[in-house]
S.K.: 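Below are the structure tokens for one structure; questions will follow.
The model shown is predicted, which means the values in this text are computed figures rather than measured ones. Residue numbers begin at 1 in each chain, while the letters A, B, ... track the order of the sequences.
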Protein chains: 2
Amino acid sequence: MSALTDNWKTQIRKGYLDLCILTLIRSRGRVYGFDLIEQLTRAGLPLKEGTIYPLLNRMTADGLLGATWDTENVKGHPRKFYALTREGSRALDEMSEEFDRMVRIHQKLAKG
Amino acid sequence: MSALTDNWKTQIRKGYLDLCILTLIRSRGRVYGFDLIEQLTRAGLPLKEGTIYPLLNRMTADGLLGATWDTENVKGHPRKFYALTREGSRALDEMSEEFDRMVRIHQKLAKG
DNA sequence: CAATAATACTATGCAATGCTAGGTATTATG
DNA sequence: CATAATACCTAGCATTGCATAGTATTATTG
């Protein structure tokens with residue numbers, strides 16, 4: 001893959017990561033950051049900590065996610081769990097619809 | 001649509017516009033800027049001049065597009081036509097493949 | 001022929017993002 | 001105690017889409 005398309009990949013990821021993270025959180029119900037990295041990487045969407053934590057913080061600040069530290073005495077480092085708020089769920093619905101629309105438009109353009 | 005999802009839409013367009021423009025140029029063979037705006041707008045992807053011209057210039061500078069002024073005596077303002085270079089065609093192939101991959105990953109995530 | 005409208009393209013500066021690189025804190029292991 | 005593993009966080013950079021404003025050329029109108 002050329003440097004040009006590498007840069008393009010960086011750009012088209014903008015927003016797409018939000019969509020995928022919200023989608024995964026809805027599927028799982030409750031997720032913490034490190035787990036998200038592993039699951040997304042396994043799904044073919046590798047990302048680094050420096051990418052996901054600022055992103056989770058932003059979405060929490062925006063009211064799309066609710067964050068709670070694990071209260072149960074879990075072994076190991078404490079974990080911060082994220083879940084969709086009602087607003088986050090609504091936003092995800094809009095995003096999914098828009099993403100589908102983008103896919104349809106691209107197909108239409110390809111077919112001329 | 002909320003201000004939040006509006007901003008998200010702006011972000012996810014990054015890169016996606018490149019893909020759509022290259023796709024449309026491949027379909028049409030030869031296109032000029034103003035025509036691109038009309039066709040994309042009609043396809044459901046409205047954009048402004050301030051968006052598309054810098055973008056066409058960048059892709060031309062990157063060697064993805066070749067630009068030629070119309071030599072035939074066309075009525076009205078002279079038009080600059082854009083067409084895919086061989087490198088642009090190769091880049092578009094990679095982008096399309098990556099976009100399909102993104103769509104598949106998103107579907108997988110949604111289904112859990 | 002001058003004035004206006006329409007078409008095509010260009011330049012500048014902003015806000016928002018993903019990434020790199022580095023750092024911190026807690027627990028488990030030998 | 002020292003090391004590794006886990007989990008989280010932050011600063012700064014490059015890139016982008018967009019709004020805004022402007023230039024240049026041609027057609028139309030009076």
Side-chain angles (χ1 to χ4, degrees), chain A residues 3-22 30-41 45-62 64-65 67-70 72-82 95 98 102, chain B residues 3-22 30-41 45-62 64-65 67-70 72-82 95 98 102:
Chain A
L4 264 178
T5 32
D6 272 349
N7 181 38
W8 173 81
K9 264 179 78 171
T10 296
Q11 292 304 323
I12 200 170
R13 272 167 81 100
K14 291 178 193 298
Y16 174 71
L17 283 185
D18 284 24
L19 173 67
C20 285
I21 288 169
L22 291 178
R30 246 167 63 96
V31 192
Y32 63 97
F34 217 78
D35 192 30
L36 260 177
I37 296 177
E38 288 187 343
Q39 295 202 36
L40 289 175
T41 298
L45 196 61
L47 36 71
K48 303 289 180 54
E49 304 180 6
T51 297
I52 201 154
Y53 288 114
L55 210 150
L56 288 170
N57 288 336
R58 172 171 52 83
M59 293 202 279
T60 303
D62 288 344
L64 304 183
L65 296 178
T68 51
W69 288 95
D70 52 353
E72 318 132 33
N73 23 352
V74 186
K75 307 275 183 183
H77 191 286
R79 297 163 169 171
K80 199 192 244 179
F81 281 87
Y82 297 89
M95 290 177 180
E98 176 65 18
M102 289 169 62
Chain B
L4 264 178
T5 32
D6 272 348
N7 180 41
W8 173 81
K9 265 179 76 171
T10 296
Q11 293 304 324
I12 201 171
R13 274 168 77 101
K14 292 178 194 294
Y16 174 70
L17 283 185
D18 285 23
L19 172 67
C20 285
I21 287 169
L22 291 178
R30 249 167 61 97
V31 192
Y32 62 96
F34 219 77
D35 193 29
L36 258 177
I37 295 177
E38 287 186 343
Q39 295 202 36
L40 289 174
T41 299
L45 198 60
L47 35 71
K48 307 287 180 55
E49 303 180 5
T51 297
I52 201 155
Y53 287 114
L55 211 150
L56 288 171
N57 288 336
R58 173 171 51 83
M59 291 202 279
T60 303
D62 288 344
L64 304 183
L65 296 179
T68 52
W69 289 96
D70 52 353
E72 317 133 34
N73 25 352
V74 185
K75 309 274 183 183
H77 190 287
R79 297 163 170 172
K80 198 193 246 178
F81 281 87
Y82 298 90
M95 290 177 180
E98 176 65 18
M102 288 169 64

S.K.: Working to the nearest 0.5 angstrom, can you tell me the gap between A:Y82 OH and A:M59 CE?
M.R.: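 Spacing of OH (A:Y82) from CE (A:M59) equals 9.0 Å.
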
S.K.: Counting only side-chain nitrogens and oxygens, does A:N7 get under 4.0 Å of the OP1 or OP2 atom of C:dC19?
M.R.: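 False: A:N7 side-chain N/O out of range (4.0 Å or more) of C:dC19 OP1/OP2.
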
S.K.: Enter the distance from A:Y32:OH to A:W69:CH2 here, rounded to the nearest 0.5 Å.
M.R.: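 CH2 of A:W69 is found 12.5 Å from OH of A:Y32.
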
S.K.: Quick check on C:dT10: is either OP1 or OP2 less than 4.0 Å from any side-chain nitrogen or oxygen of B:N57?
M.R.: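 For C:dT10, OP1 or OP2 has a side-chain N or O of B:N57 closer than 4.0 Å.
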
S.K.: Set out, line by line, the N/O atom pairs under 3.5 Å between protein and nucleotides 28-30 of chain C.
M.R.:
none

S.K.: A:R79 CZ to D:dC9 P: how many Å, rounded?
M.R.: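 After rounding, the reported distance stands at 14 Å.
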
S.K.: Of B:D62 and A:G50, whose nearest nucleotide on DNA chain D comes first from the 5' end?
M.R.: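 Whichever sits nearer the 5' end wins; that is A:G50.
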
S.K.: Within this structure, what is the OG1-CD1 distance for the pair A:T10 and A:I12, rounded to the nearest 0.5 Å?
M.R.: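 CD1 of A:I12 is found 11.0 Å from OG1 of A:T10.
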
S.K.: Looking at every heavy atom in both B:F34 and B:Y53, which two are closest together, and how far apart are they?
M.R.: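 Scanning both residues completely, I find the closest heavy atoms to be N-OH, 3.4 Å.
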
S.K.: Please give, in whole Å, the distance from C:dT10 C1' to B:L55 CG?
M.R.: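 About 14 Å, once rounded to whole Å.
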
S.K.: Do A:Q11 and B:D18 come close enough that some side-chain heavy atom pair is under 4.5 Å?
M.R.: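 A:Q11 does not reach B:D18 side chain to side chain.
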
S.K.: Take the protein atom CD1 of B:I52 and the nucleotide atom P of C:dC9, then report the distance between them rounded to whole Å.
M.R.: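 It works out to 10 Å between those atoms.
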
S.K.: By a strict heavy-atom criterion of less than 4.0 Å, which residues belonging to residues 14-22 of chain A are in contact with DNA chain C?
M.R.: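 By residue number: A:K14, A:G15, A:L17, A:D18.
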
S.K.: Which listed nucleotide (C:dT7, C:dT20, C:dC19) is nearest to the side chain of A:K48?
M.R.: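 Shortest atom-to-atom distance from the side chain points to C:dT20.
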
S.K.: Identify which nucleotide among D:dT6, C:dT10, C:dA8 has an atom closest to any side-chain atom of B:K80, counting heavy atoms from C-beta outward.
M.R.: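 Within the option list, the nearest is C:dT10.
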
S.K.: Please report, rounded to the nearest Å, how far the P atom of C:dT26 is from the NE2 atom of A:H77.
M.R.: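 Result: 7 Å.
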
S.K.: Is there a side-chain contact between A:T10 and the phosphate of C:dG18, meaning an N or O under 4.0 Å from OP1 or OP2?
M.R.: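 No, no such contact exists.
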
S.K.: Could you check how far CZ of B:R58 sits from C1' of D:dT15, rounded to whole Å?
M.R.: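 Computing the B:R58:CZ to D:dT15:C1' distance gives 9 Å.
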
S.K.: What's the separation between atom CG in A:L19 and atom CE in B:M102, rounded to the nearest 0.5 Å?
M.R.: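 Atom-to-atom, A:L19:CG and B:M102:CE are 8.5 Å apart.
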
S.K.: Within the pair A:K9 and C:dG18, is there a side-chain N or O less than 4.0 Å away from OP1 or OP2?
M.R.: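 For A:K9, the contact criterion (side-chain N or O under 4.0 Å from OP1 or OP2 of C:dG18) is not met.
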
S.K.: Looking at B:Y32, I'd like to know whether one of its side-chain N or O atoms comes within less than 4.0 Å of OP1 or OP2 on C:dA8.
M.R.: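 Checking C:dA8 against B:Y32, a side-chain N or O does come within under 4.0 Å of OP1 or OP2.
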
S.K.: Mind running side chain to side chain contact (heavy atoms under 4.5 Å, CB included) on A:I52 and A:L17 for me, showing each step along the way?
M.R.: CA-CA 9 Å; A:I52 201 154; A:L17 283 185; over 6 Å; no

S.K.: Write down the atom of A:R13, the atom of A:P46, and the distance for their closest heavy-atom approach.
M.R.: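 Closest pair (atom of A:R13, atom of A:P46, distance): NH2-O, 3.2 Å.
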
S.K.: Rounded to whole Å, how long is the line connecting atom CD of B:E49 with atom C1' of C:dA8?
M.R.: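 It works out to 7 Å between those atoms.
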
S.K.: Do A:I21 and A:L56 make a side-chain contact, defined as non-hydrogen atoms from C-beta onward lying under 4.5 Å apart?
M.R.: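 They are in contact (side-chain heavy atoms under 4.5 Å apart), so the answer is yes.
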
S.K.: Measure the distance from CD on A:Q11 to P on D:dT16 and round it to the nearest whole Å.
M.R.: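 In whole Å, D:dT16 P lies 5 Å from A:Q11 CD.
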
S.K.: By nearest atom, which of the nucleotides C:dC19, C:dT10, D:dA7 is closest to the A:L47 side chain?
M.R.: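 The nucleotide sitting nearest to the side chain is C:dC19.
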
S.K.: Looking at C:dA8, D:dT15, D:dC9, which one has an atom nearest to any side-chain atom of A:W69?
M.R.: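 Side chain of A:W69 sits closest to D:dC9.
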
S.K.: Just the rounded figure in Å: distance from C1' of D:dG17 to CD1 of B:I37.
M.R.: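 The answer, rounded to whole Å, is 14 Å.
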
S.K.: For C:dC9, does either OP1 or OP2 sit under 4.0 Å from a side-chain N or O belonging to B:Y53?
M.R.: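 For C:dC9, OP1/OP2 do have a side-chain N/O of B:Y53 under 4.0 Å.
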
S.K.: Over all heavy atoms of both residues, which pair between A:I37 and A:T41 is shortest? Give the atoms and the distance, please.
M.R.: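 Nearest heavy atoms, A:I37 then A:T41: O-OG1, 2.7 Å.
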
